[in-house]
Each structure stands twice: as structure tokens, then as C-alpha cells.
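Residue numbers start at 1 and run along the sequence shown.
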Amino acid sequence: MTDAVLPFETLWETAGDVPGWMTEAQARLLWEEASALPAGSVVVEIGSHLGRSAVVLAGALPPGGRLVAVDPFLPDWRYGEPDTEARFREHLRLAGVADRVDVRVATSEQVLRDWTGPVALVHVDGKHDYWSVRHDLGWADHLPVGGHLLLHDTFSSLGVTLGVLARALSPRAPAYLGREGSLATFAAGPADLRARARLLAPLPWFARNLVVKVLLRLRLRAVARLLGHHDLADPY
């Protein structure tokens with residue numbers, strides 16, 4: 001398989017059929033970020049599940065690029081199954097990008113603890129509790145100043161949002177740049193007050209998403225539609 005950047009449309013033919021919670025617009029953003037990197041770049045993904053985002057990231061890599069996909073593939077996770085890792089690797093194979101991916105069957109904490117090399121881009125879609133998110137945002141410390149970290153479910157999960165807001169108080173907090181749905185982009189390097197204040201703008205949308213999630217659990221989908229949510233899954 002060539003190591004040239006693969007067209008997004010080609011990758012989405014496979015990735016779009018992979019079960020997951022990433023929209024086509026979000027996947028295109030990942031493709032744009034990865035395809036713009038210099039040759040030989042290393043991209044890290046935290047939380048790969050069945051590979052929807054990994055297929056796109058790996059296929060978008062420039063020549064010599066490598067995706068490090070970190071996931072413990074736990075069968076007792078809410079969405080985990082005994083064959084999740086095997087299905088993930090099969091999706092990489094079907095997309096023709098398996099040789100670009102270094103699969104680490106481990107937790108983010110385990111890999112980050114021993115990580116020493118540079119990273120050009122980070123995509124985080126791991127555990128959504130407050131402490132895990134705070135830890136995963138630490139990957140930004142391995143990015144060059146201005147390098148991007150993309151965090152999924154930033155404004156649709158209580159744990160993720162609280163983790164981001166808490167990290168914003170740190171002197172080394174990455175700067176919030178914007179979002180595509182719940183996929184938020186942060187730039188490594190100290191965030192000024194304006195960048196920190198930008199985090200307040202999506203909070204009303206975050207509050208709406210929490211209400212939608214409660215309505216879905218109460219089986220009040222008709223009410224959720226009044227808030228603009230037409231999916232059976234939680235907002236993402």
C-alpha cells in the first residue's frame with residue numbers, strides 16, 4: 001500500500017460503515033488536521049474502539065507518518081466486546097492502512113508515563129470521567145507550541161467538560177480554538193485570557209446536551225426533537 005495521503009472520500013467509504021460516534025464532518029476535520037502535517041509525523045489517538053477515527057487519521061498521514069492507537073480494548077467496558085480489538089484491526093486492514101498504525105493495547109496512562117518522543121497531533125476519545133480527561137489532556141505537553149489536540153465529546157459529556165474547565169485553570173492549559181459538534185480543537189502552549197474565555201461560549205450548548213441526554217433516558221424523544229436532537233444516540 002502506498003504511504004501517500006489517501007482522499008477523505010476513499011477513507012470514509014470504509015470508516016463510515018464502522019460503528020462509532022463520530023460524524024462525517026468531524027472525521028473530515030481529523031483528515032484535514034492529519035493530512036496537513038509534515039512527512040514522518042507521529043499522531044497519537046487515545047481511544048480507538050472499532051476504528052472509525054483511526055482509519056481516517058491513518059489514511060490521512062503524510063509519507064512516513066505513523067498513528068499510535070492507544071486502547072486497552074476492555075471487554076467489560078460499556079461498549080466493549082471480546083472481539084473489539086480483532087474487529088478494529090480488521091477495519092484497518094480493509095481500509096488498507098494497517099501498516100501505518102502502531103496499536104498499543106494499554107491505557108493512556110501507561111503509554112504516556114513512558115512516552116519520550118515528539119507528537120504532531122493528538123486525538124482523544126478515551127474514558128469520559130473527569131480524572132481521565134484531565135490526564136489525557138497532558139498529551140498536549142508533547143506537542144509543539146501551536147500543535148493541535150482534538151477532544152471528542154467535549155461539550156456533550158459532564159466528565160469531559162468538567163475536566164476541560166479544570167485544566168483551563170492550569171498555567172499550561174492548551175488554548176481552545178473551536179469545535180465541530182462536540183469535537184473541540186485545542187492548541188498547545190499557554191492559553192491567554194481570551195482563549196480561556198472562549199470556553200464559556202459553548203456552555204449553553206453543553207447545557208442543552210445534558211437536558212437532551214436526560215430526555216433520551218426518560219424516553220421523551222419527542223421533547224428532545226423540540227431541542228433539535230433527532231438521533232437515538234446521545235449528542236456527539
Side-chain angles (χ1 to χ4, degrees), residues 22 26 29-30 32-38 40-48 53-54 57 60-62 65-72 102 104 106-207 209 236:
M22 173 162 285
Q26 292 169 347
L29 176 59
L30 290 183
E32 291 172 350
E33 290 277 351
S35 63
L37 297 174
S41 294
V42 174
V43 176
V44 172
E45 174 173 79
I46 305 300
S48 294
S53 55
L57 284 169
L61 288 172
R66 178 169 59 102
L67 173 66
V68 179
V70 180
D71 196 311
D102 175 5
R104 305 286 184 93
T107 65
S108 172
E109 182 178 4
Q110 290 168 335
V111 177
L112 182 57
R113 183 174 57 232
D114 299 322
W115 191 272
T116 57
V119 177
L121 178 69
V122 177
H123 171 235
V124 176
D125 193 8
K127 292 182 67 176
H128 286 12
D129 63 278
Y130 169 84
W131 294 109
S132 294
V133 172
R134 287 290 307 274
H135 176 272
D136 289 344
L137 287 171
W139 279 97
D141 295 340
H142 289 277
L143 290 166
V145 174
H148 288 177
L149 181 148
L150 293 101
L151 178 63
H152 201 245
D153 291 319
T154 300
F155 302 108
S156 62
S157 167
L158 180 61
V160 178
T161 303
L162 291 179
V164 167
L165 293 176
R167 177 78 178 190
L169 302 176
S170 166
R172 296 188 298 171
Y176 172 64
L177 301 180
R179 66 179 177 87
E180 175 59 57
S182 72
L183 181 64
T185 303
F186 298 86
D192 58 22
L193 289 178
R194 181 175 298 179
R196 295 170 196 259
R198 277 199 298 268
L199 277 171
L200 300 177
L203 293 186
W205 188 71
F206 164 64
N209 287 341
Y236 59 89

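Panel note: side chain Asp129, backbone Ser132; a donor-acceptor pair is recorded below 3.5 Å. Remark: the backbone N or O of Pro38 is paired with a side-chain donor or acceptor of Ser41 at under 3.5 angstrom. Remark: side-chain polar atoms of Arg196 are paired, donor with acceptor, to backbone N or O of Ala191 under 3.5 angstrom. Judged by distance alone, the side chain of Trp115 and the main-chain N or O of Gly117 form a donor-acceptor pair under 3.5 Å. A donor-acceptor pair is defined here as one N or O able to donate and one able to accept, closer than 3.5 Å; no such pair exists between the side chain of Arg167 and the backbone of Ala173. Judged by distance alone, with hydrogens and angles left aside, the side-chain atoms of Arg179 form a donor-acceptor pair with the main-chain N or O of Gly181 at under 3.5 Å. With hydrogens and angles ignored, the 3.5 Å screen pairs no side-chain donor or acceptor of Ser35 with any backbone N or O of Ala60. The closest donor-acceptor contact from the side chain of Glu45 to the backbone of Asp71 lies at 3.5 Å or more, if one exists at all. Asp136 places no side-chain N or O within 3.5 Å of a backbone atom of Val124 that could act as its donor or acceptor partner. No donor-acceptor pair under 3.5 Å is formed between the side chain of Glu33 and the backbone N or O of Leu121.
Pro174 and Phe186 make their closest contact through CB-CB, 3.8 Å (heavy atoms, listed as atom of the first residue, atom of the second, distance). Counting all heavy atoms, side chain and backbone alike, Leu149 lies closest to Ala140 at CD1-N, 3.9 Å. Contact between Arg104 and Val68 at its shortest, heavy atoms only, is CG-CG1, 3.7 Å. Taking both residues in full, the closest heavy atoms of Leu177 and Ala187 are given as CD1-CB, 3.9 Å, listed atom of the first, atom of the second, then distance. Arg134 and Ala166 make their closest contact through NH1-CB, 3.5 Å (heavy atoms, listed as atom of the first residue, atom of the second, distance). Residues Asp125 and His128 share a closest heavy-atom pair of OD1-CE1, 3.3 Å.
Other residues, nucleotides and ligands place no more than 12 heavy atoms under 6.0 Å from the CG atom of Leu193. Within 6.0 Å of the CH2 atom in Trp205, the count of heavy atoms belonging to other residues, nucleotides or ligands exceeds 12.
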**Study point:** Residues Leu183, Leu29; criterion side-chain contact (heavy atoms from CB on, under 4.5 Å); working and verdict
**Key:** CA-CA 9 Å; Leu183 181 64; Leu29 176 59; 3.9 Å; yes
Practice item. List the steps, then state whether salt bridge (Lys or Arg N to Asp or Glu O under 4.0 Å) holds for Asp153 with Lys127. Key: CA-CA 10 Å; Asp153 291 319; Lys127 292 182 67 176; over 6 Å; no
Practice item. Could you give me the CA-CA distance, side-chain angles and deciding distance for Leu112 and His135, then say whether side-chain contact (heavy atoms from CB on, under 4.5 Å) is met? Key: CA-CA 9 Å; Leu112 182 57; His135 176 272; 3.6 Å; yes
Point to revise | Stepwise ring pair (Phe, Tyr, Trp, His ring centres under 6.0 Å) test for Tyr176 and Phe155 | key: CA-CA 12 Å; Tyr176 172 64; Phe155 302 108; 5.7 Å; yes
Exercise for review: Before giving the answer on side-chain contact (heavy atoms from CB on, under 4.5 Å), spell out for Val111 and Trp139 the whole-Å C-alpha distance, their side-chain angles and the decisive distance to 0.1 Å.
Suggested key: CA-CA 10 Å; Val111 177; Trp139 279 97; 3.8 Å; yes
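Taking 4.5 Å as the limit, every side-chain heavy atom of Ser157 sits out of range of all side-chain heavy atoms of Tyr236. Between Leu67 and Val44 there is no side-chain heavy-atom pair separated by less than 4.5 Å. By the 4.5 Å heavy-atom criterion applied to side chains, Leu150 and Val122 are not counted as neighbours.
Within the model, atoms NE2 of His148 and CG of Leu143 stand 9.5 Å from one another, a figure rounded to the nearest 0.5 Å. A distance of 7.5 Å separates CG of Leu199 from CG of Leu203, quoted to the nearest 0.5 Å. Considering CD of Glu180 and CG of Leu30, their distance stands at 10.5 Å, rounded to 0.5 Å. We find the CZ-OG1 distance between Arg113 and Thr107 to be 7.0 Å, quoted to the nearest 0.5 Å. Of the inter-residue distances, the one linking Thr154 atom OG1 with Leu151 atom CG reads 3.5 Å to the nearest 0.5 angstrom.
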